[in-house]
Amino acid sequence: MIDWEERRQIVKVSKLYYFDGQTQAEIAKKIGVSRPVISKLLNKARDIGIVEIYIKDESAHTVELEHRLEKTYNLKEAIVIPTTDLTTEMVKQTLGKAASVYVSKKLPGIKSLGISWGSTLSKFVQEYPYEQHQELKIIPLVGGMGRKLVEIHSNLLAYQLAKKMNSNCSYLYAPAMVGSDELKQRLVQSEDIAMVLEEGRNVEMAVVGIGNPFEGSTMSAMDYLNEADLESLQQAGAAGDIGSRFFDAAGKQIKHPLNDLVIGLDLNEFKNIPEVIGIVEGAHKAESVKAALNGGYLDVLVIDDVTAELMFQK
């Protein structure tokens, strides 16, 4: 319990500091005490509720979510975008823009950038500004051939991004997933494909999406997965995928035949990349993102606020 005189002094100091904009040194000189005394009085004003500080801006909500994500999952950085009044396409576009701004800032000095595939990554490439990075090479991290949704395949995204950056790219001339282990072995042993896979393992930065195989799955839309595949993935405990490799709720790569048929990086190889940036949209991916973070595959997360909030609900 503080007496009236101390309370009066706390209120006076708080008014001079917060309303009149005086510095702690100026207030100390005015009142005739040391600056550390003023600092202690200001702290006490907050502790006992005389002063309450809050940020009146819509960004405050997303910044708090960013802080929680970074602290909970030991992320280098989290970027959460607000989704109020935005359609799904607008959310993806905004995420793509946010990710492009982040990558653009971090790219100087980087010689190799890996990219997976998907509709959200397509928005990232569309939103990326035209820049000069002649020393940079873009590498697809998973096979990028097929007949459906070619606009979101890794090879095309690598090519489009390289054009925007005035840089070069490699091409992984194989589907994301093949029909047999025999075919996979023939492909990965071919010189061209083996070389690009090795380039992918050694990129300095990567941009990836995260999928939920059971809802809104691009792999299903592209006919990589059928009903029998989905049933067996569920039985195996699949919670999500990165680069078409499936992992469980703990983030561990599951033992499943489909994982053995992917032409692309293994999940453990993603962990060796110095900085992996994940871009995610959609409430249906909340558990998939949690699993990916549990697995330690991401260093940076770019996500919408609705999905971020769901990650903290039990």
Side-chain angles (χ1 to χ4, degrees), residues 69-70 73-79 95-96 98-118 120-122 124-125 128 133 135-144 152-155 157-162 165 167-172 174 176 188 193-211 239-248 250-254 259 262-280 285 288-303:
L69 286 167
E70 289 164 1
Y73 295 103
N74 195 29
L75 287 168
K76 179 179 179 181
E77 188 160 351
I79 301 169
L95 286 167
S100 72
V101 170
Y102 177 86
V103 171
S104 180
K105 287 191 302 183
K106 299 293 183 179
L107 211 52
I110 298 292
K111 296 292 190 287
S112 56
L113 174 68
I115 189 167
S116 62
W117 62 287
T120 308
L121 289 194
S122 176
F124 160 72
V125 173
Y128 203 90
H133 294 287
E135 75 291 350
L136 181 71
K137 192 169 188 180
I138 314 296
I139 315 295
L141 302 178
V142 62
I152 64 172
H153 285 194
S154 58
N155 280 334
L157 295 183
Y159 168 74
Q160 291 174 334
L161 191 56
M165 294 181 172
S167 59
N168 297 312
C169 69
S170 293
Y171 299 102
L172 195 49
V188 298
I193 292 175
M195 180 187 69
V196 178
L197 290 174
E198 186 61 22
E199 286 181 326
R201 295 183 188 103
N202 290 285
V203 295
E204 298 170 70
M205 178 185 287
V207 185
V208 303
I210 297 172
D241 70 272
I242 294 176
S244 302
R245 301 273 191 177
F246 299 99
F247 49 82
D248 62 19
K252 294 181 179 179
Q253 182 165 298
I254 63 171
N259 270 343
V262 175
I263 307 291
L265 265 62
D266 185 88
L267 282 175
N268 287 324
E269 290 172 332
F270 279 101
K271 291 184 179 182
N272 296 327
I273 298 172
E275 184 166 357
V276 180
I277 301 147
I279 313 176
V280 187
K285 293 185 178 180
S288 301
V289 183
K290 285 174 67 174
L293 293 173
N294 288 335
Y297 302 117
L298 305 179
D299 302 292
V300 176
L301 178 64
V302 186
I303 192 169

Looking at Arg245 and Leu265, would you say the former's side chain and the latter's main chain have a donor-acceptor pair under 3.5 Å? yes

Within the distance-only criterion (no hydrogens, no angle test), does the side chain of Asn74 pair as donor or acceptor with the backbone N or O of Glu70 below 3.5 angstrom? no

Would Lys76 and Glu275 satisfy salt bridge (charged side-chain N to carboxylate O under 4.0 Å, His left out), going step by step from the backbone distance to the final call? CA-CA 9 Å; Lys76 179 179 179 181; Glu275 184 166 357; 3.0 Å; yes

Knowing that exactly one of Ile277, Val302, Val207 qualifies, which makes a side-chain contact (heavy atoms from CB on, under 4.5 Å) with Phe124? Val207

Distance col, row Leu107:CG vs Ser100:OG, nearest 0.5 angstrom, shows 11.5 Å

Is there a side chain to side chain donor-acceptor pair (under 3.5 Å) between Ser170 and Lys137? Walk through the geometry before answering. CA-CA 8 Å; Ser170 293; Lys137 192 169 188 180; 3.3 Å; yes

May I have the step-by-step check of side-chain contact (heavy atoms from CB on, under 4.5 Å) for Met165 and Leu113, ending in yes or no? CA-CA 11 Å; Met165 294 181 172; Leu113 174 68; 4.1 Å; yes

State, to 0.1 Å, how close Val300 and Leu75 come at their nearest heavy-atom pair, and which atoms those are. N-CD2, 4.2 Å

Looking at Gly243, is its backbone amide N or carbonyl O close enough to the side chain of Ser116 to form a donor-acceptor pair, meaning the two atoms are under 3.5 Å apart? no

Do Ser104 and Tyr128 have side chains that get closer than 4.5 Å, going by heavy atoms? yes

Give the intermediate values and the outcome of side-chain contact (heavy atoms from CB on, under 4.5 Å) for residues Leu267 and Ile242. CA-CA 7 Å; Leu267 282 175; Ile242 294 176; 4.0 Å; yes

Checking Asn155 side chain against Leu172 main chain: does a donor-acceptor pair fall under 3.5 Å? yes

Return yes if some donor-acceptor pair links the side-chain N/O of Ser154 with the main-chain N/O of Val142 below 3.5 Å, else return no. yes

Could you measure the distance from the CG atom of Leu141 to the CD atom of Glu199? Nearest 0.5 Å is fine. 10.5 Å

Closest heavy-atom contact between Ile273 and Gly200? CD1-O, 4.3 Å

Which residues share a ring pair (Phe, Tyr, Trp, His ring centres under 6.0 Å) with Phe270, sequence neighbours left out: none

Measuring only between side-chain heavy atoms, which start at C-beta, is Trp117 closer than 4.5 Å to Pro140? no

Correct closest heavy-atom pair for Leu69 and Ala78 would be CB-CB, 3.9 Å

Could you pull out the closest heavy-atom pair between Leu298 and Leu301, with the gap in Å? CD1-CD1, 4.0 Å

Would the number of heavy atoms belonging to other residues, nucleotides or ligands and lying under 6.0 Å from OH of Tyr159 be above 12? no

Side chains of Gln253 and Asn259, donor plus acceptor under 3.5 Å: no

CG of Asn272 to CG of Asp266: how many Å apart, nearest 0.5 Å? 9.5 Å

Under the 3.5 angstrom rule, does the side chain of Glu198 hit a backbone N or O of Met195 as a donor-acceptor pair? no

Quick one: does Glu204's side chain have a donor or acceptor within less than 3.5 Å of a partner on Ile110's backbone? no

To the closest 0.5 Å, what do you measure between CD (Glu135) and OG (Ser112)? 11.0 Å

Heavy-atom distance under 4.5 Å between the side chains of Leu121 and Ile279, does that happen here? yes

What pair of heavy atoms forms the shortest contact from Asp241 to Phe246, and how long is it? CB-CD2, 3.6 Å

If you apply the rule side-chain contact (heavy atoms from CB on, under 4.5 Å), what do you find for Val103 with Lys106, and how did you get there? CA-CA 5 Å; Val103 171; Lys106 299 293 183 179; 5.9 Å; no

Does the pair Ile138 and Leu157 meet the rule for a side-chain contact (heavy atoms from CB on, under 4.5 Å), with working shown? CA-CA 9 Å; Ile138 314 296; Leu157 295 183; over 6 Å; no

Is the Tyr297 ring parallel, tilted or perpendicular to the Phe247 ring (thresholds 30°, 60°)? tilted

Rounded at 0.5 Å granularity, tell me how far NE2 in His153 sits from OG in Ser122. 11.0 Å

If you look at every heavy atom in Leu136 and Ser167, which pair is closest and at what distance? O-CB, 3.0 Å

